[in-house]
There are 2 protein chains.
Amino acid sequence: MSSVKAVAKEAGVSTATVSRFLNTPELLTEKTRIKVTAAIKATGYSMNSLARNFRRGKSNTIVVVMPSIGVPHFGSVMKGIETVASEKGFSIMIIDTQFNTLPADKMAGMFFSNQADGIILLGSSSPFKHALSHASSPEKHPPIIVSCENATPEIIDFPSVRIDNRAASIAATNHLISLGHIRVAFISGSLSTGVSGERESGYRLAMNEHNLDTCEDLISDGNLTIEDGRRLTRRLLNQNQRPTAILCANDEMALGAIYEIKNYGLKVPEDVSVIGFDDIRYAEISDPPLTTIAQPGEEIGEKTMYQLCNVIEGSKIDSTPVIVPHQLIIRSSTAAPQTK
Amino acid sequence: MSSVKAVAKEAGVSTATVSRFLNTPELLTEKTRIKVTAAIKATGYSMNSLARNFRRGKSNTIVVVMPSIGVPHFGSVMKGIETVASEKGFSIMIIDTQFNTLPADKMAGMFFSNQADGIILLGSSSPFKHALSHASSPEKHPPIIVSCENATPEIIDFPSVRIDNRAASIAATNHLISLGHIRVAFISGSLSTGVSGERESGYRLAMNEHNLDTCEDLISDGNLTIEDGRRLTRRLLNQNQRPTAILCANDEMALGAIYEIKNYGLKVPEDVSVIGFDDIRYAEISDPPLTTIAQPGEEIGEKTMYQLCNVIEGSKIDSTPVIVPHQLIIRSSTAAPQTK
DNA sequence: CTGTTAGCGCGTTCAA
DNA sequence: TTGAACGCGCTAACAG
């Protein structure tokens, strides 16, 4: 309620002095500092950050756009983002796109109205196709960093932090091939776009490399959810020639796949091997424990936020992606195919 | 960049008219509206919401304080919160307390500086003990609603939305007892506080009701994480007299428990029954599928946000908790104890 | 229905 | 080292 003016009056100084006390106390006399300190306490003053943000022209807030809260992998990344954000004094505003069902216009406004000093696109891209073209001048939006997402055309110019999804997918596929699998299926989130597209591409590359078939029966498309993992797996199992291994675009799908395979009366990994992506915390305690590609989530989050801070502070950053290392974690959901 | 002033000049009207166009267009002539629309397009105008928020004295932002992003159950609740928030024009700022490791002072500032129009404490409470007492006058913070958390002393005066945790826990415990279990263990997140405390209390009540033992060996304390579910379960299994059933304070702990029991060479539910809380999406695909208490997460989120809106709009709301229904979902992780 | 005027609370000149 | 004065962009109050 009380403002600098009230504090100034109480302390018998000018508002400018109070302002300086708040921002650059080292410029004040010890004596004035004491007076102002007392006055602040006496009046119960607390900053109106609305006014400060307005005056400074920045919000000290960064916006994270993500497909869904409650996804374990993004939880790890957020932890890293938050660590750095809090260190640098930024608050975090989250926009949950509910797996991209949120209309783009809803967001467009906020990005062009000083509400955010920076934006992180966490596993997201599409919301911006519209928003960016909607703006008259492209200079107007705050800095944007892409995290955990591969370059699709609309975001290719932004700096990004991620693993090498194609290489990771090749490693995963090769692991299955080296175990002796011939019929390897791939189930994916939205094919041919972003992360899933890269992972699919890696899968195809590795399969072709070994002259293995990648006919359309083996490749299917869904969302990165348990539900779709289950649905696509059921379809796979009902085919004439079942795959002996399934590579899933993330762990949630893989966990759904394992459930359906067992439910179908088959065994993992004896009848069908399953491999996922992300190494979420549920992967290790799955039955059988899930073989997967681990990503350093927190590290990705931290690097993303550091990148963003750099851009906000004015550094020019080229848009070459920052690649962090992935790691194939071999557990028990993969094994050599059963010889019939 | 361009402001209402520029638009006003371009359109040949006053800034007030531009402002009205933005906020109450129905008060304007069709003709003026057209002129202003054109001018806005011509100048590439976009609102400075920092200025608007400042002028209006509100941020149109609500803050959600939660223990961790990436927890499935809170994800559901957030979905409900977001639905209503977006409908009402609020942005959401999230503070992740990393399971309460975040120092309270870090947050205190923002709650007393107009940065938030309202606050939701989602499964959280403690951060405020300090923050509230720290403020000179208790009137100064924005409205607060508690979601998914039982009244601990420091937050008992705030309105809240949740299930009846004690009744739910009684239902879960009775389910085990009716199956014939005598030695039922309870593993918990931070005992004797909030949700876990209520759940423990329900457990004790049900056990006592049936004259069953609840000695200290059977009750253990941890965080609501997979890790602690595993750790506490291992301890339980190594006791002389093993429990035949374990009631866990949430599903993550329960999933960890199941893993450890199987890992120990025992079977679920034949040797040990396990029951959880929340019905997160991983519960259904667990092996065996997890018996649990389901909470209507989205509904809780929606009701919480509606409550908050009401308070923000000035309604007096009493602090009687809004109780939403829970439901015992019986799957396959519970069964009668094996007769030896 | 529209224009004029004033000021939200702060940070930043410029002088003293 | 401190104070006086101004203005950020917007909206509210009051006239017209």
Side-chain angles (χ1 to χ4, degrees), chain A residues 1-40 43-61 89 109-110 112-117 140 142, chain B residues 1-40 43-61 89 109-110 112-117 140 142:
Chain A
M1 224 72 241
S2 71
S3 64
V4 280
K5 203 187 288 183
V7 177
K9 205 167 89 183
E10 172 76 20
V13 300
S14 74
T15 60
T17 299
V18 178
S19 175
R20 277 190 280 263
F21 174 85
L22 263 16
N23 299 297
T24 51
E26 64 276 13
L27 295 183
L28 299 187
T29 322
E30 176 69 16
K31 239 172 38 185
T32 356
R33 250 177 296 178
I34 293 174
K35 277 194 299 185
V36 177
T37 310
I40 284 183
T43 56
Y45 170 77
S46 68
M47 259 267 302
N48 181 336
S49 20
L50 260 28
R52 159 179 281 192
N53 290 342
F54 167 52
R55 182 62 237 258
R56 299 225 252 228
K58 56 185 304 245
S59 57
N60 279 305
T61 298
M110 89 178 308
F112 303 102
S113 60
N114 299 37
Q115 246 181 109
D117 294 344
K140 285 172 54 184
Chain B
M1 226 70 241
S2 70
S3 64
V4 280
K5 204 187 287 182
V7 177
K9 205 167 89 182
E10 172 76 21
V13 298
S14 73
T15 59
T17 299
V18 178
S19 174
R20 277 190 281 263
F21 175 86
L22 263 17
N23 299 297
T24 50
E26 64 277 12
L27 294 183
L28 299 187
T29 325
E30 177 68 17
K31 241 174 34 186
T32 345
R33 251 177 301 182
I34 294 175
K35 277 194 300 187
V36 177
T37 310
I40 284 182
T43 55
Y45 171 78
S46 68
M47 259 269 298
N48 181 337
S49 20
L50 261 27
R52 161 182 280 195
N53 290 343
F54 167 53
R55 182 59 238 249
R56 298 224 248 221
K58 56 186 303 245
S59 57
N60 279 305
T61 298
M110 90 178 307
F112 303 102
S113 61
N114 299 35
Q115 246 181 107
D117 294 343
K140 285 172 56 185

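Residue numbers begin at 1 in each chain, while the letters A, B, ... track the order of the sequences.
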Audit row: Tyr45(B), Leu22(B), side-chain contact (heavy atoms from CB on, under 4.5 Å) steps and yes/no: CA-CA 11 Å; Tyr45(B) 171 78; Leu22(B) 263 17; 3.7 Å; yes

Apply side-chain contact (heavy atoms from CB on, under 4.5 Å) to residues Phe21(B) and Ile40(B) and explain how you reach the verdict. CA-CA 10 Å; Phe21(B) 175 86; Ile40(B) 284 182; 3.5 Å; yes

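Between the side chains of Asn114(B) and Arg52(A), no donor-acceptor pair is found at a separation under 3.5 Å. No donor-acceptor contact under 3.5 angstrom links the side chains of Asn53(B) and Ser59(B), judged on distance only.
Taking every side-chain heavy atom of Thr15(B) into account, dT11(D) is the closest of dC1(C), dT11(D), dG11(C). You'll find that the side chain of Ala16(A) is closest to dA4(D), out of dA4(D), dC10(C), dT2(C). Nearest to the side chain of Arg55(B), among dC10(C), dT2(D), dG7(C), sits dG7(C).
Residue contacts shown for Leu28(A) are limited to sugar-phosphate atoms, with no base heavy atom under 4.0 Å away. Among the protein residues, Val13(A) comes within range of the sugar-phosphate backbone only, with heavy atoms under 4.0 Å from sugar or phosphate atoms but none that close to a base.
OP1 or OP2 of dG3(C) has at least one side-chain nitrogen or oxygen of Thr17(B) nearer than 4.0 Å. Considering only side-chain N and O atoms, Asn53(A) lies nowhere under 4.0 angstrom from the phosphate OP1 or OP2 of dC10(C). Between Ser3(B) and dC8(D) there is no side-chain N or O to OP1 or OP2 distance below 4.0 Å. Residue Ser19(B) has a polar side-chain atom (N or O) positioned under 4.0 Å from OP1 or OP2 of dT11(D).
Taking atom CG of Leu50(B) as the reference point, atom C1' of dG9(C) lies 13 Å away to the nearest angstrom. Residue Leu27(B) contributes atom CG, which lies 12 Å from atom P of dA12(D) at whole-angstrom precision. Here dT2(C) presents its P atom at 15 Å from CG of Asn23(B), a figure rounded to the nearest Å. As a whole-Å value, the separation of Arg56(A) CZ from dG9(D) C1' is 18 Å.
Sequence order on DNA chain D of the closest nucleotides to Arg20(B) and Ala51(B) puts Ala51(B) first from the 5' end. Each of Ser14(A) and Asn48(B) was assigned the nucleotide of DNA chain D with the nearest heavy atom; the assignment lying further toward the 5' end belongs to Ser14(A).
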